[in-house]
Amino acid sequence: MSIFDQTLNRRCTNSVKWDAMEKIYGLSDTTEILPMWIADMDFAPPSVVAAALQKHAKEAIFGYSYVGEEAKQAIVDWQKSRYNWHIEQEAISFSHGVVSALANILTALTQQGDKVLISTPVYPPFFNIPKNNGREVVTCPLVAQDETFVYDFEAFEQALAQNVKAYILCNPHNPGGYVWDEATLKEIIRLCAKYDVLIISDEIHADLMLDGAQHTPLAKLAGDEINRVITCMAPTKTFNLAGIQVAYIITTDKKKQVLLEAVNMACGQGSLNSFAPVALQAAYTEGLPWLEELLLYISNNMNYVIAELTQLPGIHIAKPQGTYLLWIDCRQLGLNEKELMQRLLEVGKLALEPGSKYGEEGRGFLRMNVACSFDTVKDAVARFKLALS
């Protein structure tokens, strides 16, 4: 029996995933709804992380602290062992999350009114964070091809030529789970260099590679354009530590680091809370066996869901390469998004995410989180089928 077979009861724990659906879906009662939406696993994190946090709590010293050399070296070693990417401790700065990192980077390195390019469908904060910080969002849709999405580089270059100042890359892609190949990443770098565009690479799903897929950090390929790339990463998605709130930014450009620190100071953002580097260090130094078992478990969950749901007429699913989220193509069902969501919520009692949340290019798709016990996955499949019966 796998450690991931355990079904944890997360209701009434102030869980966004389980206890905040009323507001998200506009429902008065969600006690019978199974949540498979937000990117939050239903698994306990590695026991080594819990043990490290418990040890820190027992010490009962919670004064002002900073991130020590050991935690920084854990990041350096993780990048080297996972991606053969050699970085220096001096290239690392910290944030409470990747989303807040995006906000600080845009504030520090672009101006009010500047254009920020994104490739849709994509993670919703890519729309919201630039807009909320007074930047103009320019969208360049990815192109649907063989149940996946690819770049149209002619359109991408035309978009960059509109005086774009920054491009936010999702690598691996969320919601699709696509792992961009080196040729694609190199072309992104080449075109952004041609138009002098900053690249912010969100790589929070990097560790969640399935079935032998390999993640390539964009900055590793940047060569002479290395100072153009800022990488955002975190152990939180990998090890289910979102509530700990720890992420980091990697940049080799000292001037950009100074500007980022100035924004942190202006916003009164100090160091991480004292538990965050403890969790990060434990996860990166001792959490690999847990992660390897997790990835096999998620892959098997996905295989089951795909085999079952693609038997339904009009449902198509391409297995992702790097995530625990399935991107389900429902465009041939003959239902609009409102009708589909209504059936899922009211008949199947199943909460998935509508594709339009990720941009108009996502309309007709659903996002399903399968980072849960196999019993929960089977329950979700049964509810999905009931909704469409």
Is the side chain of [X] donor-acceptor paired with the backbone N or O of [Y] at a distance under 3.5 Å, no angle test?
X      : Y      : value
Asn273 : His96  : no
Tyr297 : Phe374 : yes
Glu182 : Leu221 : no
Arg363 : Gly355 : no
Asn9   : Arg11  : yes
Asn240 : Pro45  : no
Arg135 : Asn133 : yes
His173 : Pro121 : yes
Asn369 : Ile38  : yes
Arg10  : Ser15  : no

So which heavy atom on [X] is nearest to which on [Y], and how close?
X      : Y      : value
Val305 : Val370 : CG2-CG1, 4.1 Å
Val179 : His215 : CG1-CA, 4.3 Å
Arg343 : Ala387 : CD-O, 3.3 Å

Leu280, Val246, Ile244 screened by side chain to side chain contact (heavy atoms under 4.5 Å, CB included) with Leu272, the one that passes
Val246

For residues Leu218 and Ile118: do they belong to one hydrophobic cluster (side chain heavy atoms under 4.5 Å, members Ile, Leu, Val, Met, Phe, Trp, Tyr)?
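Each belongs to a different hydrophobic cluster.
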
Do the side chains of Ile317 and Leu312 join up, straight or via other hydrophobic residues, at under 4.5 Å, putting them in one cluster?
yes

Could you give the distance from [atom1] ([X]) to [atom2] ([Y]), rounded to the nearest 0.5 Å?
X      : Y      : atom1 : atom2 : value
Met36  : Leu366 : CE    : CG    : 12.0 Å
Ser356 : Met341 : OG    : CE    : 8.5 Å
Leu340 : Leu345 : CG    : CG    : 9.5 Å
Ile168 : Ile129 : CD1   : CD1   : 8.5 Å
Leu117 : Ile200 : CG    : CD1   : 11.0 Å
Ile328 : Arg367 : CD1   : CZ    : 11.0 Å

Side-chain donor-acceptor pair under 3.5 Å between [X] and [Y], yes or no?
X      : Y      : result
Asn227 : Thr252 : yes
Asp379 : Thr376 : no
Thr251 : Asp253 : no
Ser271 : Tyr64  : no
Ser299 : Lys319 : yes
Tyr324 : Asp40  : no
Glu293 : Ser2   : yes

Validation row: [X], [Y] side chains within 4.5 angstrom (heavy atoms):
X      : Y      : answer
Glu225 : Ile199 : no
Pro217 : Thr231 : no
Gln321 : Leu210 : no
Glu187 : Phe156 : no
Arg383 : Leu344 : no
Phe126 : Val116 : no
Val150 : Trp180 : no
Leu142 : Glu361 : no

Between Phe43 and Trp290, does the ring centroid distance fall short of 6.0 Å?
no

Is the count of non-hydrogen atoms from other residues, nucleotides or ligands lying under 6.0 Å from [X] atom [atom1] greater than 12?
X      : atom1 : result
Tyr66  : OH    : no
Lys385 : NZ    : yes
Asp224 : CG    : no
Glu59  : CD    : yes
Gln311 : CD    : yes
Gln112 : CD    : yes

Plane angle bin for Phe153 and Tyr151 - parallel if under 30°, tilted between 30 and 60°, otherwise perpendicular
parallel

Ring-plane angle category for Trp37 and Tyr25, please: parallel below 30°, perpendicular beyond 60°, tilted otherwise.
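Taking Tyr25 first and then Trp37, their aromatic rings stand perpendicular (interplane angle over 60°).
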
Quick one: do Thr31 and Asp29 satisfy side-chain hydrogen bond (donor to acceptor under 3.5 Å, both in side chains)? Show the steps, please.
CA-CA 6 Å; Thr31 54; Asp29 183 7; 2.9 Å; yes

Does Asp77 come within less than 4.0 Å of Lys80, counting only side-chain N to carboxylate O?
no

Before you tell me yes or no, could you show the steps for Asp181 and Thr184 under side-chain hydrogen bond (donor to acceptor under 3.5 Å, both in side chains), namely the whole-Å CA-CA distance, both residues' side-chain angles and the distance that decides it to 0.1 Å?
CA-CA 5 Å; Asp181 59 27; Thr184 296; 2.8 Å; yes

